[in-house]
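Letters A, B, ... mirror the listed sequences (proteins, then strands); counts begin at 1.
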There are 2 protein chains.
Amino acid sequence: MATIKDVARLANVSPSTVSRVLSNSSRISEETKRRVREALEQLDYHPNVFARGLVTNSTGAIGILIPPSMNQFFVNPFFAEWMSGVSEVTREHGVDTVLSTSARDEEEVVDRMVRGRRVDGLLLLGTRPGDPVLRRVSDQKFPAVLLGRPADPIPVSWVNNDNVKAAHCATKHLIDLGHRRIGFLGGASEMVVTIDRVTGYRNALLEAGIEPDPRLEVSSFFLEQGGYLGMMRLLAMSDRPTAVLASDDVLAFGGMRAAAELGFRMPEELAIVGFNDIRLAELANPALTSVRVNMHELGVRCAELLLKQIESGSPAYISEIVDFELVIRYSCGAHAAARNG
Amino acid sequence: MATIKDVARLANVSPSTVSRVLSNSSRISEETKRRVREALEQLDYHPNVFARGLVTNSTGAIGILIPPSMNQFFVNPFFAEWMSGVSEVTREHGVDTVLSTSARDEEEVVDRMVRGRRVDGLLLLGTRPGDPVLRRVSDQKFPAVLLGRPADPIPVSWVNNDNVKAAHCATKHLIDLGHRRIGFLGGASEMVVTIDRVTGYRNALLEAGIEPDPRLEVSSFFLEQGGYLGMMRLLAMSDRPTAVLASDDVLAFGGMRAAAELGFRMPEELAIVGFNDIRLAELANPALTSVRVNMHELGVRCAELLLKQIESGSPAYISEIVDFELVIRYSCGAHAAARNG
DNA sequence: CTGAAAGCGCTAACAA
DNA sequence: TTGTTAGCGCTTTCAG
């Protein structure tokens, strides 16, 4: 494997000159540049990323920290679409992305990434109150951007939807359709996103003069199976809901499977609204009404914000809110006829 | 940020001693170990990954190369489930995963990863005949494992399903159900996986004495929209198929959407079988019969094979075949009654 | 059992 | 415009 020295020798210049050509320094004669480039080509030289990183103190990579509880996130289209937004930006900037899923010791992986200087900045997600990872990253004053708002008053940049407002909007939609008894099907209850969405749900209820019933709020894990189980619980109640707001489309899918198995007709006997508007939402039967949170856009904004932060070196904490939109299809019953037979 | 020197100074030893303690060298007195560990703790020391990598010539990371054509792969659950398998293994081994999506110049990113020594090995996917990336990686004799078989006779380790056999099995299933006119809905036609699956499809046809009709083989991109468009083409034919084998579940979903829009009843008027058996297959209406290729398992095996290869330093080329299984649900019409109303 | 010294491959002053 | 020198933070001989 050719090193910079080999190139220098072949081109009859010093290593620093090669280095200068590599970084396209202005004050190098055209003639030398040519010679060096030729040698570069001939030896098929490529700079050792680590050696360079060691001296420049930068890595050309950002990290994504996936909390242990979130391995499911991989298989949730939500995460994938967010990632595709992130990746779009990093690709443009020629930056690599280091994925790190932590096992038991969440903080160990932060240390490896941050203090071990493996990456220049961190993208965080799925935070919850008391999150040790967020705390640690913030303490280190390491460039980082959080997807979602921080649960605790911790200084950090973040990008989020207004989940309270979004859940309020979706719930109000169901109320406007005449529902009074509305269930909430949530993911992990300790997660900020769940907390915010249940808050919006309750707010809408209260606003309409409906007393929130804790029994109508079920929460499980962020998987299809979780939605299935949760819906089973809801539908088993004697005073069961006539409509359900799911905190995630995959959860909604699971809920719909449960409802279908029990013979409920949707949306006539049970209206459903999901969250995130994954691509497959349109394909559910009936097509799922969902809150589009623009996951791809969230990914783009997260990555851009982080890259800007790294580049500028400024310690400013910025937060951004991405718009949402209620996409009305058939599962909520707003349209007279269901599309599928 | 504390360096190894700082620790050495505080513990009153030399840097090399600290290094030895770090790597748990045997011939260090317990007393010294204790002192060093204390200093380590006190300074919250973490080794600089790049400095270490520079001298050990290893990175503690593997790379995943996502070809430019595959940005959709991110949003295909297939990829996500494969990734979750990969990630499970890397997490266990404390290895990080570097994702790299290449833009125009595919080879540039290989060089950055391989020759730039950013990673110790590479996971490749979505290969096609003449793939320059695969060629380049193989030429460098860099540890690599390919998901899917190589299109050209290139020495490389790989993990795959027997896609020919799997497609044969799925097609035969449809033939056994009485279908004679069966369409094939494929992704990018140049990809090896598409080639193999269409081959298996044709084989089964021929075996049953049915002449394959090229007009029945439509291929588009690996997205829901691609399936939608492809199915529209198939159903617009005067001698349209009565059954369709889709080379991917998401494609099948798109196809089902098209069929539903056109008013076809499934499986009565149109039988469908998908490929990959993503989690959501079960939720389609009717529930999608699909070839389970065990994507998670594929991910696990890819990662394990690569890690083994890196560790052993052996240049052996190993290939593994992961079993498939036809999961029969309702979309193929094998069961009398559809589950959903 | 421990330290000194060299060097991994690169960049960045500082000279010339 | 170019070369020399030092050093990024670590591991690893080689001595002792």
- Message: Working note: A:Ser16 + A:Ser19, criterion side chain to side chain donor-acceptor pair (under 3.5 Å); need CA distance, chi angles, decisive distance, verdict.
- Response: CA-CA 5 Å; A:Ser16 27; A:Ser19 177; over 6 Å; no

- Query: CG of B:Asn48 versus C1' of D:dT11: gap in Å, rounded?
  - Reply: 13 Å

- Taking atom CD of A:Glu311 as the centre, does the number of heavy atoms from other residues, nucleotides or ligands within less than 6.0 Å exceed 12? no

- Nearest-nucleotide comparison on DNA chain D, the residue closer to the 5′ end among A:Glu31 and B:Val18: A:Glu31

- Message: Can you confirm whether more than 12 heavy atoms, excluding those of A:Arg135, are under 6.0 Å from its CZ atom?
- Response: no

- Through what angle, rounded to 10 degrees, does the axis of the helix from C:dC1-D:dG16 to C:dA16-D:dT1 turn between its ends, using five pairs per end? 40°

- How far apart are the closest heavy atoms of B:Val145 and B:Trp158, and which atoms are they? CG1-CA, 4.2 Å

Atom pairs under 3.5 Å, N or O on each side, protein against nucleotides 12-16 of chain D: can you list them with distances?
from: D:dT13; atom 1: O4; to: B:Arg20; atom 2: NH2; distance (Å): 3.3

- Note on the structure: Rounded to whole Å, CZ of A:Arg118 lies from C1' of D:dG9 at a distance of 15 Å

- Measure from CD on A:Glu30 to P on D:dT1 and round the result to the nearest Å. 10 Å

- Task: Measure from CZ on B:Phe50 to P on D:dC10 and round the result to the nearest Å.
- Result: 13 Å

- With a 4.0 angstrom cut-off to heavy atoms of chain B, pull out the first and last contacting nucleotide of DNA chain C, in 5'-to-3' order. C:dC1 to C:dG9

- Message: Applying a 4.0 Å non-hydrogen cut-off, can you work out what B:Ile28 is touching in the nucleic acid: base, sugar-phosphate, or nothing?
- Response: sugar-phosphate

- Task: Give the minimum heavy-atom separation between A:Gly53 and B:Phe50, together with the two atoms involved.
- Result: CA-CD2, 3.8 Å

- Assert: residue with more 5' nearest nucleotide on DNA chain C, out of B:Ser29 and B:Ala51, is B:Ser29

- Item | Pair A:Ser23, A:Ser25: side-chain N/O donor-acceptor within cut-off below 3.5 Å | no

- Query: Rounded to the Å, how far apart are B:Lys5 NZ and D:dG9 P?
  - Reply: 8 Å

- Message: What I want to check is whether the side chains of B:Asp96 and A:Ser100 have a donor and an acceptor closer together than 3.5 Å.
- Response: yes

- Query: For the pair made of CZ in A:Arg35 and C1' in D:dT1, what is the distance, rounded to whole Å?
  - Reply: 12 Å

- Message: Side chains of A:Thr90 and A:Ser87: any donor to acceptor distance under 3.5 Å?
- Response: no

- Message: Rounding to an integer number of Å, can you tell me how far B:Ile4 CD1 sits from D:dT11 C1'?
- Response: 8 Å

- Query: Is a side-chain N or O of A:Arg128 found less than 3.5 angstrom from the main chain of A:Glu190, in a donor-acceptor match?
  - Reply: no

- Message: Quiz question: by atom type and distance under 3.5 Å, do the side chains of B:Thr59 and B:Asp120 form a donor-acceptor pair?
- Response: yes

- Neighbour count >12 (heavy atoms, 6.0 Å) for atom CD, A:Glu31: yes

- Message: For the residue pair B:Ser14 / B:Thr17, report whether a side-chain donor-acceptor contact shorter than 3.5 Å exists.
- Response: yes

- Item | Whole-Å distance separating the CG atom of B:Leu43 from the C1' atom of D:dG9 | 15 Å

- Should A:Thr32 be listed as having a side-chain N or O under 4.0 Å from OP1 or OP2 of D:dT1? no

